[in-house]
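Encoded as structure tokens, the structure appears first; notes follow it.
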Number of protein chains: 2
Amino acid sequence: MTSPTGRQPTLDEVAKLAGVSRSAASRAINNAAHVSAANRLAVERAVRELGYVPNVTAQALARQKVGAVVLAVSDHNEELFGDPFFGRIIAGVTAALEDTDLDLKLLLCHPERGHDRVRRMLRPPRADGIMVMALRGDDPLQRMVEKSGLPTVYGGLPLHGRPEWFVDVDNRGGGRVAAEHLVSLGRRRIATIAGPADTHVAVARLDGFADALSVAQLDHTLVEHADFTREGGAAAMERLLQREPGLDAVSVASDNMAAGALQTLLQHGRRVPEDVAVVGFDDLPIGHLTQPSLTTIQQPIRSLGYEMARVLLAVVDGEKPSPLLLPTRLVVRESAPAPVSLAVS
Amino acid sequence: MTSPTGRQPTLDEVAKLAGVSRSAASRAINNAAHVSAANRLAVERAVRELGYVPNVTAQALARQKVGAVVLAVSDHNEELFGDPFFGRIIAGVTAALEDTDLDLKLLLCHPERGHDRVRRMLRPPRADGIMVMALRGDDPLQRMVEKSGLPTVYGGLPLHGRPEWFVDVDNRGGGRVAAEHLVSLGRRRIATIAGPADTHVAVARLDGFADALSVAQLDHTLVEHADFTREGGAAAMERLLQREPGLDAVSVASDNMAAGALQTLLQHGRRVPEDVAVVGFDDLPIGHLTQPSLTTIQQPIRSLGYEMARVLLAVVDGEKPSPLLLPTRLVVRESAPAPVSLAVS
DNA sequence: CCAGGGACTGGAAGCGCTCCCGGTTTCTGG
DNA sequence: CCAGAAACCGGGAGCGCTTCCAGTCCCTGG
């Protein structure tokens with residue numbers, strides 16, 4: 001277990017101890033062909049005896065591969081970080097990387113600052129591939145990533161363009177289901193608080209909303225945008241009430257905004273869900289805390305991270321995986337209960 | 001801007017173009033001494049012309065340094081990730097690394113699984129230093145980190161032992177201030193919901209609680225432990241009420257648990273703060289949402305990340321920085337308002 | 001019994017950079 | 001004007017690994 005020198009044992013030492021050439025030792029360790037069973041065994045023994053672990057840096061240099069992938073997150077307002085999103089994404093990514101011997105590097109990019117750092121990071125050989133998340137309208141990060149030529153997987157589509165590889169949540173479907181639920185409750189004057197207009201996720205959820213209301217032949221122009229924060233949601237709700245005091249339902253594009261909207265509604269004396277039904281999006285823990293608790297669209301955050309990494313691994317290995325759209329699920333709680341019509345009958 | 005070959009330009013090409021030796025070019029680029037102004041200029045021009053960026057892998061191999069530090073988080077129950085903690089820590093760490101050209105690697109360690117991966121990661125030359133967070137009782141991670149011999153900074157003290165380098169929040173002070181606030185409100189039957197007994201943060205906050213009550217000559221044995229979750233907090237509150245129906249205040253070691261405790265209190269017909277005053281810990285967004293809003297102890301999460309990285313950088317550079325204890329701050333909201341006695345007087 | 005093919009083997013040439021070191025040039029002060 | 005120091009320069013030996021390739025050896029089928 002102790003290397004002769006104070007440092008880590010090297011391949012040479014392993015080879016010497018095993019009585020073979022360095023080449024043979026290398027082949028044995030990477031279990032390639034052209035190694036006799038005897039030698040392979042000898043090498044394995046030597047490895048164990050010395051506690052040898054390949055020097056990844058040297059491997060990287062020789063193989064012209066890095067042994068790491070980066071997760072790049074565009075960090076506007078730490079918005080993503082106010083939520084538990086981030087941690088779950090990372091948990092998923094980590095799980096997918098578990099048995100690959102690839103390291104995960106993290107790259108937080110402020111849209112305005114630190115571009116040099118980002119550019120450096122993206123230039124090979126700093127990583128073998130990259131996952132990008134949470135892009136805004138025309139985030140400089142997108143251009144930089146494209147220029148880098150690195151295998152790239154998008155977590156959530158960018159506003160413009162359709163990258164070759166991505167994993168996204170079915171935001172449009174989720175938006176539709178949310179609105180459909182409100183329609184099924186018999187609501188007729190349905191509004192929505194959408195996310196920032198320069199994000200694909202907001203646009204998609206809004207499209208889904210419009211889909212559902214069109215099918216139901218309802219007006220779907222009662223839209224206000226906000227920035228995914230609680231305060232933003234509260235303000236947007238204020239504007240909606242001003243535009244249409246008689247609205248009887250609102251589909252909100254995030255739980256945080258929904259929490260804000262709830263507060264505004266209560267302040268204005270509306271009862272939820274009696275007067276106004278509310279459905280959120282995300283299924284954050286916060287949804288249990290609001291009064292009333294929040295009906296919402298659950299999205300598989302952890303899976304998003306997991307699948308992103310899986311797709312990236314495939315791409316890095318030269319495969320052509322197909323893009324993925326992960327399903328959402330309606331979670332019914334108090335703010336927009338199940339339709340009674342279906343209850344017994 | 002285009003390298004002659006399809007690949008990235010190398011130092012040799014730069015040197016050739018600048019008409020100097022590779023050594024000189026290297027010195028110029030790392031702006032070391034012993035380069036004439038003229039040559040330095042020529043090299044700089046060549047670098048710009050070729051768009052040269054040093055190959056970090058090769059540098060790493062030659063310098064016997066990696067160019068990356070790791071942030072290791074012990075991942076029990078994704079507890080840390082339910083909160084916005086994680087993102088803020090990372091934002092802080094990233095800020096501190098901003099102009100160092102060091103990459104940040106992330107290591108999520110399940111206490112039971114994935115040890116091999118962790119061990120590999122910790123063995124040089126996979127990183128130049130490591131930051132460890134959120135250790136439990138005797139987390140295997142701690143032993144592994146210690147064995148690795150890598151420069152290590154602890155974010156939050158471990159339960160056992162006192163590492164040479166760490167950054168922590170003044171949890172004991174925070175616990176004390178919380179309790180003092182309740183005392184100053186005239187409360188006499190003060191309970192506490194502490195965190196898991198096998199974490200240093202829980203123990204420290206509890207010690208602070210005991211400090212304050214001892215000084216005030218009040219009983220400080222009304223203690224229940226929970227796991228930092230809302231559900232856990234609710235259950236613990238239940239137990240406390242059973243033990244002491246007449247309690248008039250409770251200091252809770254996290255906002256999440258406090259949110260749960262509030263629910264339990266309301267369910268049992270207690271008015272907050274009239275019957276029972278409540279103070280939390282953390283200052284998470286959730287504290288604005290509860291009914292009533294939550295008085296709490298704010299802790300500088302982002303700074304914790306920032307300082308951790310700063311200390312690590314210093315250690316890696318061979319310095320001997322002193323450990324840091326970051327201050328907390330009482331944030332007074334509705335669940336435990338400011339003492340009236342001091343209001344006008 | 002022998003040619004030919006396959007499975008092995010180890011030497012050596014990298015991967016792209018750092019850094020030591022002996023040698024040359026230039027500058028300074030006496 | 002000269003010795004000695006200081007500044008500068010480039011050759012070359014690594015860092016630890018992979019991988020090409022020319023060479024051995026053994027085994028088969030004709």
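Residue numbers begin at 1 in each chain, while the letters A, B, ... track the order of the sequences.
Residue Ser21(B) has a polar side-chain atom (N or O) positioned under 4.0 Å from OP1 or OP2 of dG10(D). For the pair Ser26(A) and dT18(D), the criterion of a side-chain N or O lying under 4.0 Å from OP1 or OP2 is met. The phosphate of dG16(C) (OP1 or OP2) has a side-chain N or O of Gln64(A) nearer than 4.0 angstrom.
Listed here is the closest heavy atom pair of Ala25(B) and Ala15(B): CB-CB, 4.0 Å. The two atoms that bring Met133(A) and Leu71(A) nearest to each other are CG-CD1, 4.0 Å, heavy atoms only. Closest heavy-atom contact between Pro151(B) and Val315(B): CB-CG1, 3.6 Å.
Inter-residue side-chain proximity for Lys105(B) and Val69(B) is flagged as unmet; no heavy-atom pair is nearer than 4.5 Å.
For the side chain to side chain donor-acceptor pair (under 3.5 Å) condition, the pairs that include at least one residue of residues 141-162 of chain A, sequence neighbours left out, are Gln142(A)-Glu146(A).
Between the two ends of the helix from dC1(C)-dG30(D) to dG30(C)-dC1(D), each summarised by a five-pair axis, the helix axis turns through 30° (rounded to 10 degrees).
Each of Ala62(A) and Leu61(B) has a nearest nucleotide on DNA chain D; the 5'-most of these lies closest to Leu61(B). Comparing Val20(B) and Arg63(B) by the nucleotide of DNA chain D that holds the closest heavy atom to each, the one mapping nearer the 5' end is Val20(B).
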Residues Val169(A), Leu325(A); criterion side chain to side chain contact (heavy atoms under 4.5 Å, CB included); working and verdict
CA-CA 5 Å; Val169(A) 166; Leu325(A) 223 50; over 6 Å; no

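Straight-line distance from the NZ atom of Lys16(A) to the C1' atom of dG10(C): 16 Å, rounded to whole Å. Computed from coordinates, the Arg22(B) CZ to dG14(D) P distance equals 14 Å when rounded to whole Å. Here the P atom of nucleotide dT19(D) and the CZ atom of Arg27(A) are 11 Å apart, to the nearest Å. The distance between atom CD of Gln8(A) and atom C1' of dC15(D), rounded to the nearest whole Å, is 14 Å. When the P atom of dG10(D) is taken as reference, atom CG of Asp12(B) falls 13 Å away, rounded to whole Å. Distance, Leu11(A) CG to dC15(D) C1': 13 Å, rounded to whole Å.
Shown are Asp12(B), Leu50(B), Val47(B), Val43(B); of these, the side-chain contact (heavy atoms from CB on, under 4.5 Å) with Leu17(B) is made only by Leu50(B).
Using a cut-off of 4.0 Å between Lys/Arg side-chain N and Asp/Glu carboxylate O, Lys65(B) and Asp128(B) are scored as not salt-bridged.
Residue contacts for Thr10(A): at a heavy-atom cut-off of 4.0 Å it reaches the sugar-phosphate backbone alone, with no base atom in range.
Within a 6.0 Å sphere centred on CZ of Arg27(A), heavy atoms belonging to other residues, nucleotides or ligands number more than 12.
Checked against side-chain hydrogen bond (donor to acceptor under 3.5 Å, both in side chains), Asp101(A) has the following partners two or more places apart in sequence or in another chain: Arg120(B), Arg126(B). Considering only residues two or more places apart in sequence or on other chains, Leu61(B) meets the side chain to side chain contact (heavy atoms under 4.5 Å, CB included) condition with Thr57(A), Ala58(A), Leu61(A).
A heavy atom lying under 4.0 Å from DNA chain C marks none of the residues of residues 52-59 of chain A. Looking at residues 28-43 of chain B, you'll see Asn30(B) sit with a heavy atom under 4.0 Å from some atom of DNA chain C.
Of the inter-residue distances, the one linking Ile89(A) atom CD1 with Leu304(A) atom CG reads 4.0 Å to the nearest 0.5 angstrom.
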